[in-house]
Amino acid sequence: MGYTVRDKAAIVGLGTTEFSKDSGRSEMQLAVESVLAALADAGIEPGEVDGLCTYMMDNSSEIDVFRNIGGRNLKVFSRISYGGGGACAPVQQAMMAVATGVAEVVVCYRAMNERSGMRFGQPMVRSSPESEMMLKALHSLQGLQTAAAMMALPMRRYMHETGASAEDFANYSIVARRHAATNPNAFFYGKPITLDDYMNSRMIADPFRLLDCCQESDGAVAVVVTNAERARGLRQKPVYIRAAAQGAPVGTLLCTSYYKPDIVPREECQLVADQLYTMADLTPGDIDVAIIYDHFGPTVLPSLEGYGFCEPGEAKDFIKGGNIELGGSLPVNTHGGQLGEAYIHGMNGIAEGIRQLRGTAVNQVRGAEHVLVTAGTGVPTSGLILGL
Amino acid sequence: MEQTATQDIPPSKRPLPVPHSNRDYDFFYQGLEAGKLLVQKCDGCGTVRNPPGPMCPHCHSLKWTPIECRGTGTVYSYTVHYHPPLPNFDSPHAIVLADMSEGFRLIGGLQGARPEDIRIGMPLVVGFERRGEVSTFHFRLA
C-alpha cells in the first residue's frame with residue numbers, strides 16, 4: 001500500500017521569537033509568543049487550534065500552552081521523544097492529523113531557555129526509572145556525560161572509516177558561518193570564520209572543536225499546519241508537506257547508538273530518506289535546498305551520505321568546492337545552520353525551509369521548489385520534504 | 001574524626017554517585033562489587049548481549065546467565081573529553097568504546113594514556129577500582 005498523505009497538509013503559518021543567550025522571560029512566554037505569531041501569520045484565530053505537538057525537553061506543556069492561548073477544544077496533543085531527533089516529527093504528527101481529518105489546525109512549537117535556563121551542553125546526570133536512564137547512568141560512571149562527547153565517539157569512528165580529517169570538518173563549519181554572516185538573526189551575523197579560526201578553536205570533545213558545536217540558545221519557533229483545502233484560502237503561500245517520516249533502525253539509542261555493527265550516524269538517515277523520497281515521489285537530485293541538522297557540524301557529512309546526496313565516505317569531497325554554498329549544486333543550511341544561526345533544537349531549520357519556499361529567506365535560493373529538512377542524528381530521527 | 005573536604009580531593013579520586021540501576025542492570029554492578037566484569041549470555045541461544053535487557057532479541061528467551069569476561073578488548077572508537085568540567089573526573093578524560101573479546105561492546109574510561117597516543121584498534125585491558133561507596137572499572141592500554 002502506498003502513502004496517501006503527500007500534499008494533503010501544508011504549513012501556513014510561521015512564528016519565531018528572537019534568538020538570544022538570555023531571553024529575559026519564561027519559556028512559556030516564548031512558547032505562546034511564537035504560537036500567536038504563527039497563527040497571526042496564517043490568519044487563523046487561536047480559538048481554532050485543535051492540535052498541539054512538540055518534542056522532548058520542551059518544558060512548556062501542550063495543555064498549558066493551550067490554556068494560555070485561549071484554546072477551546074484540543075483534539076490532538078503529542079510529544080515526540082529523543083531530543084533533536086524529534087525536530088521534524090511533530091510536523092509529521094500534524095500532517096497525519098490534518099490529512100485524516102482528525103484535526104484541522106495543529107500548531108507545532110519549540111520554546112526554550114536552553115542557555116539562560118537548563119543548559120544542554122552540561123554534563124547530564126539524572127535519575128529516573130525510565131529504561132534509558134539505566135544505560136545513561138552506566139555511561140555517566142565512566143565519565144561520558146555530555147552530548148558532545150557522546151556524539152564524538154561515532155564521529156571519530158567515521159574519520160577512521162572514511163579518512164575524513166579536521167580540515168574536512170572545517171569545510172562545513174566555515175560554510176555555516178559564511179551563510180550566517182549575512183543573516184541578521186544569526187549569532188554569527190557579520191562574523192565569518194577562517195580555517196585558522198577553526199583549527200585554533202579549542203577541543204571540546206575530540207574530534208569536536210568549539211567551532212564544531214552549536215551554541216546553547218534561548219528562543220522559540222512555531223508553525224501552523226492545516227489541510228490542503230483550507231491552506232489554499234489563507235493569506236500565505238502554502239508550503240506543502242510532500243513527505244514526513246521518522247526512523248530508528250535497530251540499535252539506535254539516545255546519542256549512544258554504540259552497540260550495533262555500524263555506529264556512524266547514517267543508518268537512521270537512510271531509513272528516513274527511503275520513506276521521504278518514496279512518499280514525495282522525488283529523488284535527492286530534486287532537492288533544491290537541504291537543511292541538515294547540525295548539533296555538531298561534522299555529523300552533516302554522514303547525513304549528506306544517508307540522505308543520498310553522495311555515497312558513504314564521499315561527503316568530504318562533496319562539501320569541497322562550493323557545492324553546499326549559495327550558488328552550489330545543493331545549498332545547505334542557508335540560514336547558517338545551528339552552528340551559525342542558533343540552536344532551537346532543529347525547529348529553526350524548519351523555519352528556514354519555509355522561508356526558502358516562500359521566497360523570503362535572507363540567503364534566498366532562487367526558484368527553490370523542494371526543501372529537505374532533517375532532524376538530529378545519532379538518535380531516533382525524523383525528516384521532512386517541503387514543497388510548493 | 002577528621003573529614004577531607006571534597007574540594008581537596010582531585011576530581012579523578014572523588015567518590016562516584018551510587019549507580020542508578022534496576023533489576024535488569026543489577027548483576028553488572030554486583031559483579032563489579034566482586035571485582036568481576038559480567039555480561040549477559042542467553043541460555044537459549046548462547047548470544048552475549050550488552051546493554052542489559054530481560055529478553056534475548058534473537059530467540060526471545062527470558063533466561064540468561066551472567067558470565068565473567070576476560071577483561072580484554074580493542075578500541076573500536078574513542079573520544080577525549082576536555083570541556084566542560086566533569087564532576088568526579090579530571091579533564092582531559094579519555095573514553096573508549098571497546099570491542100570486547102567475548103563479542104560485545106563496552107563504554108569505559110581510559111586511564112594512563114596520553115590523548116595523542118590513543119588509536120582505534122589498540123588492545124585494552126580492564127582494571128577495577130573503588131571510588132567512595134562504588135566499585136567501578138576502567139580501561140588501560142594493554
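Numbered from 1 within each chain, the chains take letters A, B, ... in sequence-line order.
Taking 4.5 Å as the limit, some side-chain heavy atom of Pro84(B) sits within range of a side-chain heavy atom of Gln122(A). Looking at Gln145(A) and Phe89(B), their side chains come closer than 4.5 Å, going by heavy atoms from C-beta outward. Pro51(B) is not listed as a side-chain neighbour of Leu138(A), based on a closest heavy-atom distance of 4.5 Å or more.
Tyr76(B) OH to Ile263(A) CD1: the interatomic distance, rounded to the nearest 0.5 Å, is 5.0 Å. To the nearest 0.5 Å, the span separating NE2 on His20(B) from OG on Ser128(A) amounts to 5.0 Å. Considering CD of Glu161(A) and OG of Ser77(B), their distance stands at 8.5 Å, rounded to 0.5 Å. Here Tyr259(A) contributes atom OH and Arg105(B) contributes atom CZ; the two are 9.5 Å apart, rounded to the nearest 0.5 Å. Note that CE of Met134(A) is 14.5 Å distant from CZ of Phe28(B), once rounded to the nearest 0.5 Å.
The shortest heavy-atom contact between Leu141(A) and Pro17(B) is CD2-O, 3.5 Å. In this structure, Tyr78(B) and Asp206(A) approach most closely via the heavy-atom pair CE1-OD2, 3.7 Å. Smallest separation of non-hydrogen atoms from Pro123(A) and Pro87(B): CG-CD, 3.9 Å. Nearest heavy atoms, Gly143(A) versus Ile95(B): O-CD1, 3.3 Å.
Heavy atoms of His81(B) lying under 4.5 Å from chain A belong to its backbone as well as its side chain. Using a 4.5 Å cut-off between heavy atoms, Thr136(B) contacts chain A through its side chain alone, with no backbone atom that close. For chain A, the nearby part of Pro85(B) is the backbone; its heavy atoms alone come within less than 4.5 Å. Residue Leu210(A) does not touch chain B at all, counting heavy-atom pairs closer than 4.5 Å. Contact of Phe139(B) with chain A is not made at all, since no heavy-atom distance falls under 4.5 Å.
Taking a 6.0 Å sphere around OH of Tyr82(A), one finds it holds 12 or fewer heavy atoms contributed by other residues, nucleotides or ligands. Surrounding CD of Glu133(B) are at most 12 heavy atoms belonging to other residues, nucleotides or ligands under 6.0 Å away. Surrounding NZ of Lys41(B) are at most 12 heavy atoms belonging to other residues, nucleotides or ligands under 6.0 Å away.
Listed options Val80(B), Asp99(B), Val96(B) were ranked by heavy-atom pairs under 4.5 angstrom with chain A; first place goes to Val80(B). Counting heavy-atom pairs under 4.5 Å between each of Met159(A), Met155(A), Lys260(A) and chain B puts Lys260(A) at the top. Note on Asn88(B), Val134(B), Leu86(B): by heavy-atom pairs under 4.5 Å with chain A, the leading option is Leu86(B). Of the listed residues Leu97(B), Leu16(B), Leu106(B), the one with more heavy-atom pairs under 4.5 angstrom with chain A than any other is Leu97(B).
No donor-acceptor pair closer than 3.5 Å links the side chain of Thr79(B) to the backbone N or O of Leu153(A). In this structure a side-chain-to-backbone donor-acceptor pair under 3.5 Å is present from Gln142(A) to Phe137(B). Side-chain atoms of His83(B) do not come within 3.5 Å of backbone N or O of Met203(A) as any donor-acceptor pair. When atom types are taken as modelled, the side chain of Arg157(A) and the backbone of Ile120(B) share no donor-acceptor pair closer than 3.5 angstrom.
In terms of the side chain to side chain contact (heavy atoms under 4.5 Å, CB included) criterion, residue partners of Asp24(B) (sequence neighbours excluded) are, by chain and number, Asn22(B), Pro54(B).
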